[in-house]
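One structure is given here, and the rest of the page talks about it.
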Amino acid sequence: TLKILCSQAAISIENAESVNHLKVEHDFSSKLIQNSPAIISGIEKTGKTILVNPACYRITGYNPDELVGKNWWTTLYPGVYYAQVEKLFKENHFGKASQHEMTLVAKDGSEKILSWNTATIKSHEGDDDIIIGFGNDITERKLAQEKLYKNEELFRATFEQAPIGIVNTTLDGKLIRTNQYFSKFL
């Protein structure tokens with residue numbers, strides 16, 4: 001009986017260590033989700049939102065209780081924005097890891113451009129797929145790129161159409177580019 005008691009004690013200690021290890025892993029995962037600068041969302045294929053982290057509020061303005069249980073797609077992609085969702089499903093980005101950009105409508109009506117990385121997993125019950133999304137807000141970067149592109153176009157137009165000759169050279173005097181007016185003198 002002492003042998004059985006010692007065996008049961010060893011099993012209890014092992015179980016306690018396993019439970020403690022699981023708690024540590026759970027706490028670590030929860031901290032990652034709660035402190036991520038990216039939106040982390042869990043969405044059923046029907047669109048029902050089952051999980052959002054605090055970054056979702058910072059980016060969209062929606063509190064978790066305004067999204068959980070609601071349709072993610074129709075809430076954040078209303079009207080003409082919903083075409084992106086249809087395209088996403090048509091191209092079947094689910095079932096494998098994928099990356100895509102989508103423009104959503106925040107609670108205040110502003111547009112937010114997000115770069116999404118998604119993966120599909122089975123629910124605890126095993127019958128429904130859950131889309132896990134990691135969304136990074138790239139709105140400012142996209143706007144800066146657009147502004148840079150427009151400024152570059154303006155510079156090129158000004159350079160080419162200037163009523164004086166303009167030459168762009170390297171430091172040692174090699175021609176890189178000339179405008180049309182200068183080309184008349186070559």
Side-chain angles (χ1 to χ4, degrees), residues 32-64 66-68 70-120 130-171 174-184:
L32 284 176
I33 291 169
Q34 295 302 312
N35 294 305
S36 172
I39 292 176
I40 299 177
S41 60
I43 308 159
E44 293 178 355
K45 279 202 173 179
T46 60
K48 180 180 175 185
T49 308
I50 58 173
L51 163 81
V52 291
N53 70 336
C56 187
Y57 173 73
R58 288 192 303 275
I59 294 170
T60 69
Y62 284 100
N63 287 311
E66 294 176 288
L67 291 173
V68 173
K70 309 287 188 316
N71 188 296
W72 176 267
W73 309 119
T74 57
T75 303
L76 296 172
Y77 301 94
V80 296
Y81 296 90
Y82 193 80
Q84 299 170 94
V85 177
E86 291 170 337
K87 179 180 178 192
L88 195 64
F89 278 92
K90 182 179 178 187
E91 293 175 358
N92 196 19
H93 280 280
F94 305 115
K96 60 185 188 303
S98 67
Q99 182 177 13
H100 47 275
E101 289 181 11
M102 294 177 75
T103 302
L104 62 76
V105 179
K107 188 175 180 179
D108 66 4
S110 64
E111 291 182 345
K112 301 289 182 174
I113 305 168
L114 276 81
S115 175
W116 287 100
N117 289 288
T118 59
T120 305
I130 297 173
I131 301 159
I132 302 297
F134 300 85
N136 290 294
D137 185 358
I138 60 169
T139 307
E140 288 182 21
R141 182 177 77 195
K142 285 290 196 177
L143 293 174
Q145 286 174 336
E146 187 177 310
K147 188 174 182 179
L148 181 62
Y149 178 75
K150 286 181 181 178
N151 285 341
E152 187 176 324
E153 282 182 332
L154 178 62
F155 169 77
R156 286 182 196 270
T158 303
F159 180 86
E160 287 299 325
Q161 297 170 7
I164 59 171
I166 301 175
V167 178
N168 191 354
T169 65
T170 62
L171 291 175
K174 292 181 183 173
L175 284 178
I176 298 173
R177 174 181 15 189
T178 65
N179 69 349
Q180 291 175 0
Y181 193 85
F182 185 83
S183 296
K184 293 178 185 179

Is a side-chain N or O of [X] found less than 3.5 angstrom from the main chain of [Y], in a donor-acceptor match?
X      : Y      : result
Asn168 : Ile176 : no
Thr49  : Leu51  : no
Thr170 : Lys174 : yes
Asn63  : Glu66  : no
Asn179 : Ile166 : yes
Thr158 : Leu154 : yes
Asn117 : Gly135 : no
Gln99  : Ser115 : no
Thr75  : Asn71  : yes

Counting only heavy atoms not in [X] (residues, nucleotides, ligands), do more than 12 fall under 6.0 Å from its [atom1]?
X      : atom1 : result
Phe159 : CZ    : yes
Lys48  : NZ    : no
Arg156 : CZ    : no
Glu140 : CD    : no
Tyr57  : OH    : no

Between Trp73 and Phe89 (judged by ring centroids, cut-off 6.0 Å), do the two rings come close enough to count as a pair?
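Yes, the ring of Trp73 comes within the 6.0 Å limit of the ring of Phe89, centre to centre.
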
Minimum heavy-atom separation for [X] to [Y], with atom names?
X      : Y      : result
Trp116 : Ser41  : CZ3-OG, 3.9 Å
Tyr181 : Ile164 : CD2-C, 3.3 Å
Arg58  : Pro37  : NH2-CA, 3.9 Å
Leu175 : Val167 : CD2-CG1, 3.1 Å
Val52  : Val68  : CG2-CG2, 4.2 Å
Asp137 : Ile113 : OD1-O, 3.3 Å

Would a 4.5 Å heavy-atom cut-off, applied to side chains only, mark [X] and [Y] as touching?
X      : Y      : answer
Lys112 : Thr103 : no
Ile50  : Ile130 : yes
Glu101 : Leu114 : no
Gln84  : His100 : no

Chi angles and distances behind the side-chain hydrogen bond (donor to acceptor under 3.5 Å, both in side chains) call for Tyr82, Glu86
CA-CA 7 Å; Tyr82 193 80; Glu86 291 170 337; 5.6 Å; no

To the nearest 0.5 Å, tell me how far [X] [atom1] sits from [Y] [atom2].
X      : Y     : atom1 : atom2 : result
Phe134 : Ile33 : CZ    : CD1   : 7.5 Å
Leu76  : Lys70 : CG    : NZ    : 12.0 Å
Lys107 : Leu67 : NZ    : CG    : 9.0 Å

Please identify which of these residues, Asn136, Thr139, Ile39, Leu104, meets the side chain to side chain contact (heavy atoms under 4.5 Å, CB included) condition with Ile59.
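Option passing the side chain to side chain contact (heavy atoms under 4.5 Å, CB included) with Ile59: Ile39.
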
Decide yes or no on salt bridge (charged side-chain N to carboxylate O under 4.0 Å, His left out) for Glu146 and Lys150, but give the supporting numbers first.
CA-CA 6 Å; Glu146 187 177 310; Lys150 286 181 181 178; 3.4 Å; yes

Show your working on side-chain hydrogen bond (donor to acceptor under 3.5 Å, both in side chains) between Glu111 and Tyr81 and close with a plain yes or no.
CA-CA 10 Å; Glu111 291 182 345; Tyr81 296 90; 2.3 Å; yes

